[in-house]
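Atoms considered below: every heavy atom in the structure, side chains included; atoms not considered: hydrogens, waters and symmetry mates. These numbers were taken from a predicted model, which means no experiment stands behind them.
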Amino acid sequence: MRKIGFALIVAAISAYLWAQVVTKNESSVDFDYYVLALSWSPNWCKLEGDAKGSEQCDSSHDYGWTLHGLWPQFENGWPRDCPTSYKRPSNALATSMIDIMGSSGLAKHEWEKHGTCSNLSPEDYFLASREAFEAVVKPPIFREIKETVSLPAREIEGAFLQSNPQLTADQITITCKKNHLQEARVCLDKALSPRLCGADVILDCRHEDAGIAPIR
């Protein structure tokens with residue numbers, strides 16, 4: 001009886017471990033690179049955040065460039081909302097990202113939509129997101145803007161290239177929304193080093209008068 005019982009236990013443990021491996025393999029995504037999306041917070045507040053009553057837009061804060069997200073990307077297209085065996089990020093973990101993301105709600109949203117496709121745990125995903133965010137120098141000139149100005153999008157990109165000599169023009173793109181600067185997006189390999197953007201990412205904003213609101 002003892003031998004039979006032991007054999008059943010071994011079989012049960014083996015089945016459990018195999019199930020864990022299968023779950024992990026089934027939830028993995030073979031993506032090609034990351035897009036680091038940096039949002040100009042004053043413009044987001046002007047176009048969307050104020051209407052939503054977002055805490056990020058309160059005048060007590062001085063958000064400039066914030067982390068929108070770190071997005072796994074295919075050479076063409078991108079995965080989203082991937083199945084994963086990892087638990088959702090805790091409130092404490094999401095809150096720890098407020099200093100660079102503006103809100104814990106955005107942190108949780110980015111995990112659900114993009115982090116689940118990274119093959120990383122929530123802790124490692126947000127650690128990688130912070131590392132990538134901090135590695136890009138935000139041009140200081142933007143924090144000196146005192147009233148809304150308009151600039152050609154190519155000059156905004158040029159400011160990033162000047163502040164980040166490790167980047168080339170085909171590794172960063174500027175996006176606009178409603179004639180306003182929206183985001184700077186930097187393409188990174190899985191080791192978080194700059195790399196070429198895919199054809200569906202490197203679609204630069206062409207506005208000659210992209211609006212840039214000042215930090216409040």
Side-chain angles (χ1 to χ4, degrees), residues 33-50 52 54-71 73 95-104 106-107 110 114 125-189 191-197 201-216:
Y33 67 103
Y34 287 114
V35 168
L36 173 72
L38 307 177
S39 173
W40 182 243
S41 183
N43 277 5
W44 179 79
C45 290
K46 180 178 180 179
L47 298 177
E48 298 181 47
D50 286 340
K52 296 177 179 179
S54 173
E55 172 65 20
Q56 177 179 338
C57 303
D58 190 275
S59 59
S60 62
H61 303 302
D62 65 345
Y63 289 114
W65 290 101
T66 56
L67 171 65
H68 182 172
L70 183 67
W71 306 337
Q73 197 84 9
T95 299
S96 73
M97 298 299 291
I98 288 178
D99 63 315
I100 61 173
M101 297 191 78
S103 75
S104 60
L106 175 60
E110 288 300 298
H114 300 288
Y125 173 71
F126 287 125
L127 184 64
S129 298
R130 183 177 292 276
E131 180 181 342
F133 176 82
E134 293 178 349
V136 176
V137 177
K138 291 74 179 174
I141 188 66
F142 290 98
R143 298 194 70 88
E144 298 175 11
I145 295 173
K146 302 303 180 184
E147 58 184 27
T148 298
V149 299
S150 295
L151 288 175
R154 64 178 178 275
E155 292 189 13
I156 298 169
E157 180 178 294
F160 270 91
L161 293 175
Q162 184 174 6
S163 295
N164 296 272
Q166 77 278 17
L167 294 177
T168 60
D170 48 12
Q171 297 172 336
I172 181 173
T173 188
I174 303 299
T175 67
C176 296
K177 185 174 185 178
K178 297 181 180 178
N179 293 326
H180 283 72
L181 164 65
Q182 182 188 32
E183 293 185 340
R185 297 177 179 176
V186 181
C187 298
L188 307 170
D189 63 23
L192 304 182
S193 296
R195 59 145 278 170
L196 300 180
C197 294
V201 172
I202 196 76
L203 300 174
D204 287 326
C205 169
R206 301 298 183 185
H207 289 322
E208 292 292 322
D209 57 349
I212 306 174
I215 294 175
R216 302 177 179 186

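- Using a 4.5 Å heavy-atom threshold, the side chains of Val201 and Gln73 count as touching.
- Glu183 places none of its side-chain heavy atoms less than 4.5 Å from the side chain of Ile174.
- Ion pair Arg130/Asp99 flagged as a salt bridge, since at least one NZ, NE, NH1 or NH2 atom sits closer than 4.0 Å to an Asp/Glu carboxylate oxygen.
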Task: Evaluation steps, side-chain contact (heavy atoms from CB on, under 4.5 Å), between Ile156 and Leu181 - done: CA-CA 9 Å; Ile156 298 169; Leu181 164 65; 4.0 Å; yes

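- With a 4.5 Å cut-off on side-chain heavy atoms, Pro214 and Thr148 count as touching.
- Remark: the Trp44 side chain and the Gln56 side chain contain no N/O donor-acceptor pair separated by less than 3.5 Å.
- Considering only heavy atoms from C-beta on, Leu161 stays 4.5 Å or farther from Thr168 through its side chain.
- Using the six-membered ring where Trp is involved, Trp71 and His68 have ring planes that are perpendicular, over 60° apart on the 30 and 60° scheme.
- With rounding to the nearest 0.5 Å, the separation of CD in Glu110 from CE in Met101 is 5.0 Å.
- Note that CG of Leu70 and CG of Leu38 are 10.0 Å apart. Values are rounded to the nearest 0.5 Å.
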TODO: Before giving the answer on ring-ring contact (aromatic ring centres under 6.0 Å, His included), spell out for Trp40 and Tyr63 the whole-Å C-alpha distance, their side-chain angles and the decisive distance to 0.1 Å.
DONE: CA-CA 8 Å; Trp40 182 243; Tyr63 289 114; over 10 Å; no

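- Contact annotation: the side chain of Ile212 approaches that of Leu151 to within less than 4.5 Å [non-hydrogen atoms, C-beta and beyond].
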Just distance, no hydrogens or angles: give the donor-acceptor pairs under 3.5 Å from side chains in residues 132-144, sequence neighbours left out.
{"unit_1": "Lys138", "atom_1": "NZ", "unit_2": "Phe133", "atom_2": "O", "d": "2.3"}
{"unit_1": "Lys138", "atom_1": "NZ", "unit_2": "Val136", "atom_2": "O", "d": "2.9"}
{"unit_1": "Arg143", "atom_1": "NH2", "unit_2": "Asp62", "atom_2": "O", "d": "3.1"}
{"unit_1": "Arg143", "atom_1": "NH2", "unit_2": "Asp62", "atom_2": "OD2", "d": "3.2"}

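- Rounded to the nearest 0.5 angstrom, Ile98 CD1 and Leu67 CG are separated by 13.0 Å.
- Considering CG of Asp189 and CD of Gln171, their distance stands at 9.5 Å, rounded to 0.5 Å.
- The side-chain hydrogen bond (donor to acceptor under 3.5 Å, both in side chains) contacts involving residues 204-216 comprise Asp50-Arg216, Arg154-Glu208, Thr173-Asp204, Asn179-His207, where partners must be two or more places apart or lie in separate chains.
- Side-chain atoms of Tyr34 and Arg195, non-hydrogen and from C-beta on, never get closer than 4.5 Å to each other.
- Between atom CG of residue Leu36 and atom CG of residue Leu192 there is a gap of 9.0 Å, rounded to the nearest 0.5 Å.
- Side-chain N or O atoms of His180 include one that pairs as donor or acceptor with a backbone N or O of Lys178 at under 3.5 Å.
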